[in-house]
Amino acid sequence: MSFNREMDACSILNERRNVSSPSEAIDWDSLEQMPLGGKTIPEWLSELDAIAKEVEAELVSRDIGCHLVEVLEAVNLVLFESRGLTRSPVLVDSKHSYLHSVLSSRCGSAILLSIIYIEVCRRLGLTIVGSRVGEDFLIWPQTGYPEELFKVTSGHSLFAIVNGRCVEDPRSMASDLTGTSLLGLEIATNRDIIGIALANLIRLHWKRASRSNHGLMLTSPLRHVNDAGEKPNVMDKSNVPLLRPQDLRLAIMASERLLILQPHNWVLRRDHGMMLYYNREYGKAVQELSICMAFAPEEEAEILEPFVEKLHLMRLESTWKSLGHTGRLTVP
């Protein structure tokens, strides 16, 4: 974490933003003590407790029982009217993908709003489950009679009350769901939900890091190395495009955490290795891509092999120059 703070502070300084000097950074004894947006992690989590208490107060003020529909309507009232949480239509700002900034700015991605909804309901003793459907992440109360979720009362079904307008949007796959098809969806575990959130962060930060290089893809160097029409020595450090360093580092950090959840996902490990290459960490890139080749299909491993060989030579050259040698390596 100390290393990441140093890297991020230097990156921000390079982008001419006002930040404290890395030498002035405070070493926190634990994550719980580190402030995020003016509060510690336990303090941000207590915001979820406060929202749940607001829902309870709303139910008491209505002088009603704990019927499922009434509870969900109260949750919606507190979250989306009293608190004013809204869903970001297009994910372009990283603050919409972090819990503390969503609670602060009141605008978040679909997966973050779903997480907040699930956690608030859990504090109320109500189990909410979810699943990925197309580009949406849908949630609903756990019940043995899913057809009840689609019965229309007061102009809306219970499924629409929880998931909002996307259920009634004909462009969304959610509009075609029924009680029967809902049973066919795979319920996302906590591990799955964390994975979705991390994958979103990787895509977002990579897009922001590479926005000055229009059309640049993580796998672009692989295509050039394996293109027979390219020059043999097309790959060198001068050809590595310059990316926004802070966003690149944040993408790598999210990828590191997702690899903990999915260590055998060869596509994820390949993309992680390519991001390390763009960050000029050639030794680590060689290691990750070599591991990837062990898991990847044979045709993919054949594409990676010449790239890894050239990357290994670049790493050796970097090591040679670090020892004070200059110029090209020559054989007498």
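Residues take their numbers from the sequence shown, with the count starting at 1.
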Apart from [X] itself, which Ile, Leu, Val, Met, Phe, Trp or Tyr residues share its cluster (side-chain heavy atoms under 4.5 Å, direct or through members)?
{"X": "W266", "result": "V267, I291, F295"}
{"X": "L183", "result": "none"}
{"X": "I260", "result": "none"}

R269: salt bridge (charged side-chain N to carboxylate O under 4.0 Å, His left out) partners, not counting sequence neighbours: E288
Indicate the atoms forming the closest heavy-atom contact of [X] with [Y], along with that distance.
{"X": "W206", "Y": "L216", "result": "NE1-O, 4.0 Å"}
{"X": "W44", "Y": "L36", "result": "NE1-O, 2.5 Å"}
{"X": "A254", "Y": "L201", "result": "CB-CB, 4.1 Å"}
{"X": "I202", "Y": "A251", "result": "CG1-O, 3.9 Å"}
{"X": "L112", "Y": "S97", "result": "CD2-O, 3.5 Å"}

Does a side-chain heavy-atom distance below 4.5 Å link R270 with T219? yes
Heavy-atom side-chain proximity of L72 to I128 below 4.5 angstrom: yes
Criterion side chain to side chain donor-acceptor pair (under 3.5 Å) on D49 and S46, from CA distance to verdict: CA-CA 5 Å; D49 299 330; S46 68; 5.6 Å; no
Just say parallel, tilted or perpendicular for the rings of Y277 and F307, cut-offs at 30° and 60°. perpendicular
Expected output: side-chain [X] to main-chain [Y] donor-acceptor under 3.5 Å:
{"X": "D93", "Y": "K95", "value": "yes"}
{"X": "N76", "Y": "I161", "value": "yes"}
{"X": "N265", "Y": "L259", "value": "no"}

Could you list the residues that satisfy ring pair (Phe, Tyr, Trp, His ring centres under 6.0 Å) with F137, not counting sequence neighbours? none
What residues, two or more places apart in sequence or in another chain, satisfy ring pair (Phe, Tyr, Trp, His ring centres under 6.0 Å) together with Y117? none
Taking F159 as the fixed residue, which of T178, L182, V152, I139 is the one that meets the side chain to side chain contact (heavy atoms under 4.5 Å, CB included) rule? L182
OG of S255 to NE2 of H205: how many Å apart, nearest 0.5 Å? 12.0 Å
Assess whether a salt bridge exists between E119 and R122, defined as any Lys/Arg side-chain N lying under 4.0 Å from an Asp/Glu carboxylate O. yes
